[in-house]
Amino acid sequence: MKVGQTTKALAVLAVLSILGAAASAAEPPGKPGPVARGAYLVQIMACNDCHTPWKMGKEGPEPDMTRMLSGHPQSLSMPPPPRLPEGPWGIVVGLSMTAWSGPWGVSFTRNLTPDPETGIGRWTEQTFVDTLRNGKKLGKGRPLLPPMPWQMYRNLGDDDLKAIFAYLKSIPAVKNQVPEPLAPEDLLTKAR
Amino acid sequence: MRGSTSLGIAASLVRGAGGGVAALALSLLPGPGRGAAAADPPLHLADTGLYTDIARHTVDPRNLHYSPQYPLWSDGARKSRWIFLPAGKAIDASNPDAWDFPVGTKVWKEFSFGRRVETRFLEKKRDGWTLATYLWNDDETDAIRAPDEGIRNHAEIAPGKRHDIPGVNDCRSCHEGGQVLGIGALQLSRDRDPGAPHAEPVTPDMVDLTTLIERGLLASYPPDWADHPPRIAATSPIERSALGYLHANCGSCHDRSTSLVSIGMLLRQSVAPGAPPDPVGRTAVLQRSGFQLPGDAAGPAYRIDPGNPARSTVAFRMSTRSPMRQMPPLGTKVVDEKGVELILRWIGESRSDVQVTLHEKEKP
């Protein structure tokens with residue numbers, strides 16, 4: 001690893017730690033309303049780590065909060081992922097933290113803002129709950145893909161899931177059409 | 001293994017059929033369980049009331065044998081179906097598209113792949129429907145309830161392909177809100193479609209819409225059903241069959257009554273008097289798809305693009321069993337070649353006049 005890459009990696013870790021510390025202090029006193037509770041949960045569950053695209057700031061990589069939770073940028077066309085040697089390394093992540101390549105193919109993190117066309121603006125609360133409980137797109141479609149840890153999040157209580165949805169519906173809508181994931185067979189000829 | 005992450009799912013996606021390790025990982029994943037044991041269906045199929053003698057497969061004559069005219073594709077399984085209605089009770093068809101079944105109704109569907117593999121069971125209780133499925137033993141003399149999580153890769157259905165026993169959440173995914181699929185006015189209409197793929201022979205012991213009416217087992221139905229059983233309005237026989245296929249195989253989810261209404265694609269036919277006609281034409285034909293065809297540089301495609309089946313996402317997703325793209329997303333691992341052929345032919349042959357007109361309108 002080159003020195004520059006090491007610096008970037010350390011900067012990423014540092015920012016992640018700062019976000020975590022900020023989230024720990026973010027819980028307001030008393031019982032929060034659903035939106036505030038949802039904001040708190042979204043912070044501590046690290047949703048921004050993958051669903052907000054990262055950019056290079058003055059202090060190193062940082063989440064681009066002007067595009068908060070809007071998923072993999074439509075404008076960021078990813079080249080085919082590098083072909084890795086046979087194990088044990090297996091996953092490659094784009095610098096935006098929104099594109100992940102692994103044995104499942106390539107996944108692009110979804111737009112969680114309330115944009116009706118490209119985000120969750122038309123979802124019902126039940127759609128959101130079913131998505132995380134069942135681990136399926138819109139609650140009943142294709143499987144959710146790594147690295148989305150829905151197997152852990154499915155154990156959230158109903159009130160917490162609904163609070164997260166209430167918060168996501170309250171944030172600024174960002175129009176951003178995230179590409180479909182790529183299947184392993186798509187990569188057979190494309191991987192570099 | 002209990003700490004398996006979504007990478008466990010990744011393994012199942014990569015391995016596909018025969019992924020025993022992935023199946024184990026899935027079965028061990030934590031998740032909300034079912035409620036109290038008191039609400040559980042019986043442990044043995046024999047105790048659900050389907051048979052008078054399960055070892056001889058003698059069905060209780062109170063259970064009514066039926067066959068929907070447009071069968072759901074289940075990887076070529078041979079299926080048998082029965083419904084039990086409590087004595088003196090009738091199905092309420094006040095909502096012609098969503099029949100209300102009396103408390104005590106039971107429905108069974110048996111799946112065979114060369115031998116009996118599973119029998120699925122629905123029962124209407126006072127607080128809603130319970131769902132379960134039962135696994136047959138090798139000599140087909142007994143069947144016991146499957147685990148709530150289901151069982152992946154349970155029985156071979158084709159070389160390299162094995163049948164999944166659905167979990168309770170899978171069941172609820174299709175039977176959302178207690179829909180009883182396959183029992184409705186269109187599916188049980190005596191005016192059966194001779195072009196329906198995989199249509200099963202009707203035997204004398206089967207009930208249909210007309211016999212339900214004659215026996216007083218249906219109440220509050222539209223009066224004209226007695227003389228004119230519902231039939232899909234279509235411009236050609238192939239269109240009738242194609243719309244019927246989409247109704248049965250896609251319409252249980254892609255309907256205004258389910259959570260997928262937000263997608264705005266309605267593939268289920270309505271039999272309600274005065275309902276807006278042609279839901280497929282209004283919501284799928286020449287409607288932009290949110291799904292992107294893989295490797296397609298031509299930009300957004302239509303859900304159904306008349307005259308252009310290769311750029312119709314409905315046809316594409318029916319034609320693949322890639323887990324992240326296939327439709328339906330569960331319950332099948334083998335493409336229905338006959339069903340796909342029907343849909344491709346219908347898209348390729350029909351409504352090209354509409355296509356030209358609307359494409360012209362879209363040009364700047």
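Per chain, numbering begins at 1; letters A, B, ... match sequence-line order.
- Going from atom OG1 of B:Thr258 over to atom NZ of A:Lys140 covers 5.0 Å, rounded to the nearest 0.5 Å.
- Proximity to chain B involves both the backbone and the side chain of A:Pro179, based on heavy atoms less than 4.5 angstrom apart.
- Residues B:Leu330 and A:Arg142 fail the side-chain proximity criterion, which asks for heavy atoms closer than 4.5 Å.
- Under the side-chain hydrogen bond (donor to acceptor under 3.5 Å, both in side chains) criterion, A:Glu117 pairs with A:Arg122, not counting sequence neighbours.
- Residues A:Gln177 and B:Gln292 form a side-chain contact, since some pair of their non-hydrogen atoms from C-beta on lies under 4.5 Å apart.
- With a 4.5 Å cut-off on non-hydrogen atoms, A:Gln126 does not touch chain B at all.
- Between B:Met324 atom CE and A:Leu144 atom CG the span is 11.5 Å, to the nearest 0.5 Å.
- Minimum heavy-atom separation, B:Ser322 to A:Ala183: OG-CB, 3.9 Å.
- Applying the salt bridge (charged side-chain N to carboxylate O under 4.0 Å, His left out) criterion to A:Lys136, with sequence neighbours excluded, gives B:Asp170.
- Here the straight-line distance linking atom CG of A:Leu138 with atom CG of B:Leu260 works out to 6.0 Å at 0.5 Å rounding.
- Counting heavy atoms of neighbouring residues, nucleotides and ligands inside a 6.0 Å radius, atom CZ of B:Arg256 does not exceed 12 of them.
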